[in-house]
Amino acid sequence: MITLGNMVLEAVDLFNESHQDLQKELLQDPTVNKYLKTLKTQLKKTNHQSTFQFDMPYFVRMDGNLIGYLYAFAKDLENTVDLHYAVVKSARGEHYGRRILRLAATGILEAKEDVERIQLVIQKSNVASRQAAIHAGFQEDSGILFSRGRS
């Protein structure tokens, strides 16, 4: 378990019943599947470290509830991290997306000195995610690429 402000990242544990329920909800959500085509593959990875690891899936708990998913992988040659996230349907509209992005980006940049930039690829049709990214301090670099670097 990793705590970043009021956000707790829990390593995906497929033996945990609440994790199984969240995984099922995410995988059955057409919106999540439209934008996160690699979700099923990412969820197969397991991690039992107490420190944040790249290329490992985490479920996100905020306000005591499991509300989403976070996955980050490093592009070693570019000092860049790609961030993927999803918020379950029942928690959308509560600004969890922007909170996840803000806390994750800040936590990664503080903990990983070699990371210079965090980027998101967000389809133009995903208006809510684009707005969440902007409110979390990301800047639009091109039509679908958003980034946040060290200030």
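Position 1 is the first residue of the sequence, and the numbers go up from there. What you see is a predicted model; the values in this text were computed from it and never measured. Values below: all heavy atoms of this structure, side chains included; hydrogens, waters and symmetry mates excluded.
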Hey, does L101 have a side-chain heavy atom less than 4.5 Å from the side chain of I118? no

Summary of salt bridge (charged side-chain N to carboxylate O under 4.0 Å, His left out) pairs that have at least one residue in residues 60-69, sequence neighbours excluded: E10-R61, D63-R99

What one should report as the nearest heavy-atom pair of Y85 and S129 is OH-OG, 2.7 Å

Checking I67 against I100 for the side chain to side chain contact (heavy atoms under 4.5 Å, CB included) test, could you report, in this order, the C-alpha distance in whole Å, the side-chain angles of both residues, the deciding distance, and whether it holds? CA-CA 10 Å; I67 54 92; I100 290 170; 3.6 Å; yes

H95: which residues meet the side-chain hydrogen bond (donor to acceptor under 3.5 Å, both in side chains) condition with it, sequence neighbours left out? R98

What are the two closest non-hydrogen atoms of V12 and Y58, and how far apart are they? CG2-N, 4.0 Å

Once you measure the plane-to-plane angle for H84 and Y71, does it fall in the parallel (<30°), tilted (30-60°) or perpendicular (>60°) bin? tilted

The complete set of salt bridge (charged side-chain N to carboxylate O under 4.0 Å, His left out) pairs with one or both residues in residues 132-147, sequence neighbours excluded, reads R117-D141, R130-E140

Close side-chain approach of D13 to F59, heavy-atom, < 4.5 Å: no

Return each pair, listed once, that meets salt bridge (charged side-chain N to carboxylate O under 4.0 Å, His left out) where at least one residue sits in residues 81-97; pairs must be two or more places apart or across chains. D29-R92, K75-D82

Can you give me the closest heavy-atom contact between F146 and A133, atom names plus distance? CD2-CB, 4.1 Å

Any V32 side-chain heavy atom under 4.5 Å of E25 side chain: no

On a heavy-atom basis, the closest approach of G97 and A132 is C-CB, 4.0 Å

With sequence neighbours left out, write down each residue that passes side chain to side chain contact (heavy atoms under 4.5 Å, CB included) with E116, or none if nothing qualifies. N79, R150

Which side-chain N or O atoms in residues 103-115 pair as donor and acceptor under 3.5 Å with protein atoms at least two apart or in another chain?
residue, atom, partner, partner atom, Å
T106, OG1, R102, O, 2.9
T106, OG1, R148, NH2, 2.9

